[in-house]
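Throughout, protein chains are lettered first and strands after them, A, B, ... in sequence-line order, and every chain is numbered starting at 1.
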Amino acid sequence: MDYLLTLNPQQREAVTAPPGPILVLAGPGSGKTRVLTYRVAYLIGALGVRPFHILAVTFTNKAAREMENRIIATVGAQARGVTIGTFHATCARILRREADHLPFDANFVIADTDDQRRLIKNVLQELNLDPKQYAPQKLHAAISRLKNEGIFPENFEPSSYGEKVLKQVYEAYQNRLLSSNLVDFDDLLLWTLHLLQTVPAVRQRYARRFQHILVDEFQDTNLVQYELVRLLGSHYRNIFVVGDADQSIYSWRGADYRNVLRFEQDFPDAKVILLEQNYRSTQTILDAAMAVIAPLQGKHRKQLFTSRGAGQKIAIRRVPDDREEARYVVETIASLVARGQAQPGDFAIMYRINAQSRVLEEAFLRAGLPYRLVGAQRFYGRREVKDALAYLRLAHNPADEPSLMRVINVPPRGIGTKTIAALRTAARRAGLAPGTLLLHMAAAPEDYQNFFSPRALKALLGFARPLAQWYELALSVSPADLMATILADVGYKEYLLDGTEEGEERWENVRELHRLASRYNEEGLSAFLEEVTLVSDQDTLEDAENTPILLTLHAAKGLEFPHVFIVGLVEGLLPHSRAWDNEDEMAEERRLFYVGLTRAKDQVYLTYPEMRMLYGYAEPAEPSRFLEEIPPELTTGDHPARGTTYWQGPRWEPAPAAETREPEFHAGDKVRHPRWGEGLVIGSRIKDGAELVDVAFESVGLKRLDAALARLEKIT
DNA sequence: GCATCGGATTTTTTT
DNA sequence: AATCCGATGC
């Protein structure tokens, strides 16, 4: 147990605490991953707990893999018996095993966001609801919220007309999922909870099996997850949770950091251990980070400290726009690397929204420097990848309606909206999923002659017959071979390769997917489909390569880098404009910035552009309020409070009177711009005290300008 | 049934 | 800017 010697007293206290409920409040960089890992090792090595009786829940699959490897390194191969995984993956395993008690069967497929949206749109159509009035996205979010609170459609009591509609949609949506043998992300948790609540035998089996439960990132669990932990731990009460309320950044997906308080209430005998010493960052970085979250009130206000010393000041840089910002990032990295002061892999560039990655990518490409982008979306979100996966899912489970609808006419095979509507109707009458009906049709086409026009029947059979073959084939061949067969059958390669470069790229992606599938020869199709659906963004990150990494602040959680850039520090982006009128969301933006800052070991670089791109237009941007709150003495460069004149002239204040100000420019005015020449004013409006003028220039087309900044001159 | 065009709409973060 | 949607014409 040499590893115990490497821990500080608080860490050791946590690792060696006697069984029972334990709450570890761990600041960033305080070694919580080590504590969790060693705790498992200690349970096995010192207390003789059998790995089979341990459940460890992590936030990403990558974290799960790492933890497993580290436990194995500490206590040996027997550690493989520990159940380690994300909530979602663990629940999926339980549901497959216990499917007998549930309204779907064990080979269910997990519906991703895309499937969910598709289904909701279908449901709206079926219920004759206008998707303009009831935005599918909003409904989806509302349904997800209900699920995260543990509410099934039948338990939802609507209290307004809107909620009544919501209930209707939720009900229909849930039925669709079930008839397609699908389970969405939230369902994985919800059905597992339902199972544990309603089938005592199952609850007891798992509660007795998991003598010890450990949960990482506890501040980002939602209510259902909390209940799951509580029920699974109900027999032994050995629940070890680690979290940091200041790093709670997922409330929009139902996470509730108050689970930390709830835990203290539900387990009044819980031992609470504080880890405050930071082993990651310099004191300057910690001081800046604490300043950012100082306005938040909390019960346990932490004082982060390190023995590493002050270190470098935080570099703040003001830049004209996002392109210059990206150039600054790339040049700074290149010059530090050239001078031998850092390795390319020492750098991470973080941003608030994914859209910001593009300009950065372009800058790296232009400079000819390699980079890595963290984000599953990048690959698994591609149309061609989704198509190929939909085919595989369909072969695995023909009842999968979203997958069927996705590919039934891709490549085009004469099955249009009319035919699909007829197929749907026929399926509903027969009480079958459309895909199942197609299987029947392939076997006995004559049964359907009366229902479909000859033309429709022929088109449908053109799909139904191969589908029936794939369904057979799926049982006997590997996922990779199945994929190859299907794609060859439908001529997918020819469909993609249309002579354009984009087509080439798409086909490359399909081949990449095929390569991934070939890793699942042993585990089979079901495992492959599950893996590709549950990948998290971080899971796509491979450690080996020595290149800078681009990622969102959310994806940065749990990671650390010597040098961290956070870009786009302007009002509207960080904090995001969606948080402007909501105190809770604003607090979360603050924590998000805090998470970003505390990822850095040695040096932080913050940048803010004067102009922000929005929907293709440049708009003037104000420095983020968070930037101003960092004590200037911790920084070098362009701290907004350093008295650097912001815009030319007096600083632009959104005065109340300005709201009623009349625009100086009007549609029809002719104007001249020093750079773009003559143009015609299309319109002008006052927004936040600034006059925004839309001008159509002969030279460059339509531009939106701030009248106070652009030197626009009226001409007659 | 399908391709094309123009207009509207969009972006927060992700399992 | 990029994508999605619906209307139009073939």
Side-chain angles (χ1 to χ4, degrees), chain A residues 57-64 85-92 110-114 116-117 121 131-132 135-137 140-141 144 147-148 183-190 217 220-222 224-225 248-255 322 350-359 362 374-378 380-381 383 409-421 453 455-456 459 530-540 551-557 568 572-580 582 585-586 588-589 591-593 595-596 612-618 701-702:
Chain A
V57 186
T58 57
F59 200 70
T60 64
N61 297 297
K62 180 167 173 263
T86 62
F87 270 106
H88 290 85
T90 309
C91 286
I110 300 162
D112 64 20
T113 315
D114 213 62
Q116 299 177 36
R117 238 192 39 215
K121 279 188 186 161
K132 290 232 168 80
Q137 274 202 20
H140 177 212
S144 179
K147 288 187 172 186
N148 285 323
V183 164
D184 71 20
F185 288 127
D186 305 314
D187 278 344
L188 289 169
L189 311 173
L190 186 60
E217 306 286 7
D220 281 321
T221 53
N222 62 36
V224 171
Q225 290 167 333
S248 154
I249 53 174
Y250 282 98
S251 71
W252 49 272
R253 94 182 187 205
D322 55 352
M350 303 176 187
Y351 36 83
R352 178 66 235 270
I353 64 174
N354 278 307
Q356 290 173 267
S357 73
R358 230 188 107 161
V359 191
E362 282 167 6
V374 179
Q377 198 45 24
R378 188 174 155 74
Y380 290 106
R383 192 183 70 199
N409 202 30
V410 176
R413 50 175 77 88
I415 303 178
T417 36
K418 283 273 166 59
T419 309
I420 289 176
S453 71
R455 181 175 161 170
E530 179 160 322
E531 287 281 325
V532 299
T533 319
L534 290 183
V535 281
S536 70
D537 274 359
Q538 275 191 17
D539 296 335
T540 63
L551 74 180
T552 63
L553 287 161
H554 282 88
K557 176 156 100 153
L573 224 38
L574 187 68
H576 194 270
S577 49
R578 293 283 292 256
W580 274 344
N582 182 317
E585 285 180 45
M586 188 54 81
E588 185 145 316
E589 298 289 310
R591 294 191 296 264
L592 194 54
F593 187 38
V595 167
R612 175 192 166 196
M613 294 305 287
L614 194 68
Y615 302 141
Y617 293 107
L702 196 63

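Distance Tyr351(A) OH to dT13(B) C1': 12 Å, rounded to the nearest Å. When the C1' atom of dT11(B) is taken as reference, atom CZ of Arg117(A) falls 13 Å away, rounded to whole Å. Rounded to a whole Å, the NZ atom of Lys557(A) is 11 Å from the C1' atom of dT14(B). Protein atom CZ of Arg591(A) is 18 Å distant from nucleotide atom P of dT13(B), rounded to whole Å. The separation between Leu574(A) atom CG and dT13(B) atom P is 13 Å, rounded to whole Å. Leu551(A) has its CG atom 13 Å from the C1' atom of dT14(B), to the nearest Å. Distance Asn61(A) CG to dT15(B) P: 9 Å, rounded to the nearest Å. When the C1' atom of dT14(B) is taken as reference, atom CG of Asp186(A) falls 11 Å away, rounded to whole Å.
The side chain of Lys418(A) has dG1(B) as its nearest neighbour among dT11(B), dG1(B), dT15(B). Nearest to the side-chain atoms of Phe185(A) among the listed nucleotides dT13(B), dT11(B), dT15(B) stands dT15(B). Closest contact between the side chain of His88(A) and the listed nucleotides dG1(B), dT15(B), dT13(B) involves dT15(B). Here dG1(B) is the nucleotide among dG1(B), dT14(B), dT15(B) with the atom lying nearest to any side-chain atom of Arg455(A).
For the OP1/OP2 pair of dT15(B) and a distance below 4.0 Å, the side-chain nitrogens and oxygens of Thr113(A) include no atom meeting the criterion.
Using a 4.5 Å heavy-atom cutoff, the side chains of Asp322(A) and Gln356(A) are not in contact. Side-chain contact between Thr113(A) and Phe185(A): present, with at least one pair of heavy atoms (C-beta onward) separated by less than 4.5 Å. Counting heavy atoms from C-beta outward, Arg253(A) and Asn222(A) have side chains that stay 4.5 Å or more apart. His88(A) places none of its side-chain heavy atoms less than 4.5 Å from the side chain of Ile110(A). At least one side-chain heavy atom of Lys147(A) sits less than 4.5 Å from a side-chain heavy atom of Asp184(A). When side chains are defined from C-beta on, Leu190(A) does not count as touching Asp186(A), because their heavy atoms never get closer than 4.5 Å.
Protein chain A contacts DNA chain C from dA1(C) to dC5(C), reading 5' to 3' and using non-hydrogen atoms of the protein with a distance under 4.0 Å.
For the P atom pair drawn from dC4(C) and dT13(B), the interatomic distance equals 15 Å after rounding to whole Å. Between dG6(C) and dT11(B), the two C1' atoms lie 23 Å apart (nearest whole Å).
When all heavy atoms of Glu589(A) and Pro575(A) are compared, the closest pair comes out as OE1-CA, 3.4 Å. Here the shortest heavy-atom pairing between Ser248(A) and Arg591(A) reads O-NE, 2.7 Å. Residue Thr533(A) comes nearest to Asp112(A) through the heavy atom pair CG2-CB, 4.0 Å, listed as atom of the first residue, atom of the second, then distance.
Stacking here means ring centres nearer than 5.5 Å and ring planes tilted less than 30 degrees, and by that measure Tyr250(A) does not stack onto dT14(B).
Ring geometry for Tyr250(A) versus Phe59(A): interplanar angle of 30 to 60°, hence tilted.
Within the nucleic acid shown, Thr533(A) has no heavy atom closer than 4.0 Å to any nucleic acid atom.
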Extract from the structure each pairing of a protein N or O with an N or O of nucleotides 2-10 of chain B at less than 3.5 Å, listing the distance.
from   : atom 1 : to        : atom 2 : distance (Å)
dC2(B) : OP1    : Gly414(A) : N      : 3.0
dC2(B) : OP2    : Asn409(A) : ND2    : 3.0

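Comparing Thr60(A) and Ile420(A) by the nucleotide of DNA chain B that holds the closest heavy atom to each, the one mapping nearer the 5' end is Ile420(A).
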